[in-house]
There are 2 protein chains.
Amino acid sequence: MKKKKKNENSSKIFEYHDHGACFGDAITQIEDYFIQKKLQLTPLRRKVFEILIEDHKPLGAYDILDKLGEAGFSSSPPIAYRVLDFLIEHGFVHKVQGLNAFIACSNPKHSHFPTFVICRKCEKVAEVSEEKSGLNLPSPRITNFKIEKTTIELTGICSTCENAEIR
Amino acid sequence: MKKKKKNENSSKIFEYHDHGACFGDAITQIEDYFIQKKLQLTPLRRKVFEILIEDHKPLGAYDILDKLGEAGFSSSPPIAYRVLDFLIEHGFVHKVQGLNAFIACSNPKHSHFPTFVICRKCEKVAEVSEEKSGLNLPSPRITNFKIEKTTIELTGICSTCENAEIR
DNA sequence: GTTGATGTGTTATGTTATAACATGTAATGA
DNA sequence: TCATTACATGTTATAACATAACACATCAAC
Ligand SMILES: [Zn+2]
Ligand SMILES: [Zn+2]
Ligand SMILES: [Zn+2]
Ligand SMILES: [Zn+2]
């Protein structure tokens with residue numbers, strides 16, 4: 001986190017971020033969390049998380065399985081699904097329903113109801129936190145219902161792709 | 001539905017509605033729309049919509065296929081998926097991503113970004129319109145992105161089920 | 001009467017996810 | 001010490017969801 005400019009507040013949710021730092025932070029965070037919660041960050045679990053944080057984009061379960069195979073782990077479906085469920089449960093991974101894919105959380109520290117913004121053209125996906133999305137959740141008018149989990153996905157086209165679109 | 005007590009005024013999004021009327025209205029609406037748009041409301045399309053509006057709950061594509069089969073239509077997968085895509089495109093059906101299921105729209109007149117409220121216990125699903133959900137969408141802070149489609153699903157437990165839950 | 005658009009049918013296959021059961025390992029604690 | 005338990009991983013098989021590709025019929029337009 002170095003450069004802070006004026007247009008920071010604007011909506012460049014797909015813009016460059018320092019993924020080197022992001023990657024390192026993410027690994028540190030998951031390690032700390034697992035220690036603190038007395039959970040086992042096994043080689044398999046670590047590998048799955050690394051695969052997801054590596055490019056930091058959504059991957060299908062079978063893509064992950066392939067990479068697990070390459071890395072010498074078993075690559076039968078339950079392996080991936082179980083670990084993914086576990087990582088989701090602990091907030092380090094989210095499922096992007098619209099893509100049947102899994103993505104490393106961009107900010108596990110937040111206890112969040114994340115919003116995913118998905119460009120249908122370049123297929124970039126951004127996770128936007130509750131506050132930033134301006135999407136004020138648990139509606140006062142749905143009080144008779146206890147929200148446990150949300151799926152909020154906004155699909156469309158990012159400005160870059162829109163500008164590039166043929167007319 | 002007999003007992004009406006105090007807690008009436010709260011958000012009874014799962015409450016009884018006059019589905020006889022709902023059903024009739026829905027059929028009329030789709031007929032009108034198809035005429036107006038010069039689309040063909042073929043027997044197959046009508047049947048699929050009727051199946052969905054009948055119980056007005058989410059059905060998987062293969063459930064629909066079974067019912068189509070019973071009604072004398074072909075029941076091979078593409079039949080259902082094609083018609084569902086068509087009905088979705090025209091706003092009469094939505095897909096509930098969290099359930100891999102399809103549900104008749106509760107108010108096709110609204111040009112909407114609907115919210116689905118899903119009880120994980122009784123599996124009831126309510127479609128809440130943009131305004132009612134209190135969920136004010138297209139955030140000013142995501143302006144650099146043109147939203148074309150939204151998936152908003154709130155999963156949790158309804159008050160009825162919560163009260164019935166073992167502790 | 002050929003062409004193109006549309007709607008349905010069929011076969012086969014692809015993709016995503018889970019059930020059920022087996023094995024290994026480590027901590028617990030009679 | 002040796003059951004008991006919890007947990008993590010592995011394996012096989014199958015379930016559930018979805019699409020590709022091609023065939024055929026109808027109908028309106030040219
Ligand atoms: Zn997140
Ligand atoms: Zn884009
Ligand atoms: Zn609707
Ligand atoms: Zn309920």
Side-chain angles (χ1 to χ4, degrees), chain A residues 30-31 33-35 37-52 58-90 92-103 120 123 151 153, chain B residues 30 33-35 37-52 58-90 92-103 120 123 151 153 155:
Chain A
I30 195 170
E31 283 172 347
Y33 178 92
F34 271 60
I35 290 167
K37 293 268 184 175
K38 294 188 177 23
L39 300 170
Q40 303 179 51
L41 186 57
T42 60
L44 177 61
R45 287 172 179 168
R46 175 185 283 268
K47 186 66 194 174
V48 170
F49 185 70
E50 282 173 359
I51 287 168
L52 283 171
L59 291 177
Y62 285 76
D63 297 332
I64 294 167
L65 280 168
D66 288 347
K67 301 202 186 222
L68 285 177
E70 288 164 16
F73 292 89
S74 163
S75 60
S76 45
I79 295 294
Y81 284 105
R82 278 194 297 232
V83 172
L84 288 168
D85 285 349
F86 185 86
L87 294 173
I88 287 169
E89 194 182 342
H90 292 284
F92 289 92
V93 169
H94 300 294
K95 180 167 184 185
V96 182
Q97 292 281 4
L99 304 174
N100 289 322
F102 302 86
I103 188 167
R120 65 164 160 77
E123 301 192 270
T151 300
E153 298 176 8
Chain B
I30 195 171
Y33 178 93
F34 272 60
I35 290 168
K37 293 269 185 175
K38 293 190 177 24
L39 301 170
Q40 302 180 51
L41 186 55
T42 60
L44 176 62
R45 286 171 180 169
R46 175 185 282 269
K47 186 65 192 175
V48 170
F49 185 69
E50 281 174 358
I51 287 169
L52 283 171
L59 291 177
Y62 283 73
D63 297 331
I64 294 166
L65 280 169
D66 289 346
K67 301 202 186 222
L68 284 176
E70 289 165 15
F73 293 88
S74 162
S75 61
S76 46
I79 295 292
Y81 284 104
R82 278 193 296 230
V83 172
L84 288 167
D85 285 349
F86 185 85
L87 294 173
I88 287 169
E89 195 183 341
H90 291 285
F92 289 92
V93 169
H94 300 294
K95 179 167 187 187
V96 182
Q97 293 280 5
L99 304 173
N100 289 322
F102 303 86
I103 189 168
R120 65 164 160 77
E123 300 194 270
T151 299
E153 298 175 9
T155 304

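So that the names make sense, note that chain A is the first sequence line, chain B the second, and so on, each numbered from 1.
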Checklist entry - dT16(C) P sits how many Å from L59(A) CG, rounded? => result 12 Å

Next on the checklist: How many whole angstroms separate atom CG of D63(A) from atom C1' of dT15(C)?
Outcome noted: 11 Å

Checklist entry - Using a cut-off of less than 4.0 Å, is there contact between a side-chain N or O of S76(B) and OP1 or OP2 of dT11(C)? => result no

Checklist entry - Expressed in angstrom and rounded to an integer, what is the separation of L68(A) atom CG from dA8(D) atom C1'? => result 14 Å

Checklist entry - Whole Å only: how far is the CG atom of L65(A) from the C1' atom of dT15(C)? => result 12 Å

Next on the checklist: Which nucleotide wins on minimum distance to the side chain of F86(A), given the candidates dG7(C), dA8(D), dT9(D)?
Outcome noted: dA8(D)

Checklist entry - Taking atom types as they are modelled, is there a donor-acceptor pair under 3.5 Å from the base of dA17(C) to the side chain of Y62(A)? => result yes

Checklist entry - Which residue lies toward the 5' end of DNA chain C, Q40(B) or F102(A), if each is placed at its nearest nucleotide? => result Q40(B)

Next on the checklist: Over 60° means perpendicular and under 30° means parallel, so tell me whether F34(A) and H90(A) are parallel, tilted or perpendicular.
Outcome noted: tilted

Next on the checklist: Let me spell it out: for each of L39(B) and P77(B), pick the nucleotide of DNA chain C with the closest heavy atom. Which residue's pick is nearer the 5' end?
Outcome noted: L39(B)

Next on the checklist: Whether K95(A) contacts dA17(C) is assessed here as follows: a side-chain N or O lying under 4.0 Å from the phosphate OP1 or OP2. Is that the case?
Outcome noted: yes

Next on the checklist: Between P on dC17(D) and OH on Y81(A), what's the gap in Å once rounded to a whole number?
Outcome noted: 13 Å

Checklist entry - If only side-chain N and O atoms of N100(B) are considered, is one of them under 4.0 Å from the OP1 or OP2 phosphate oxygen of dT16(C)? => result no

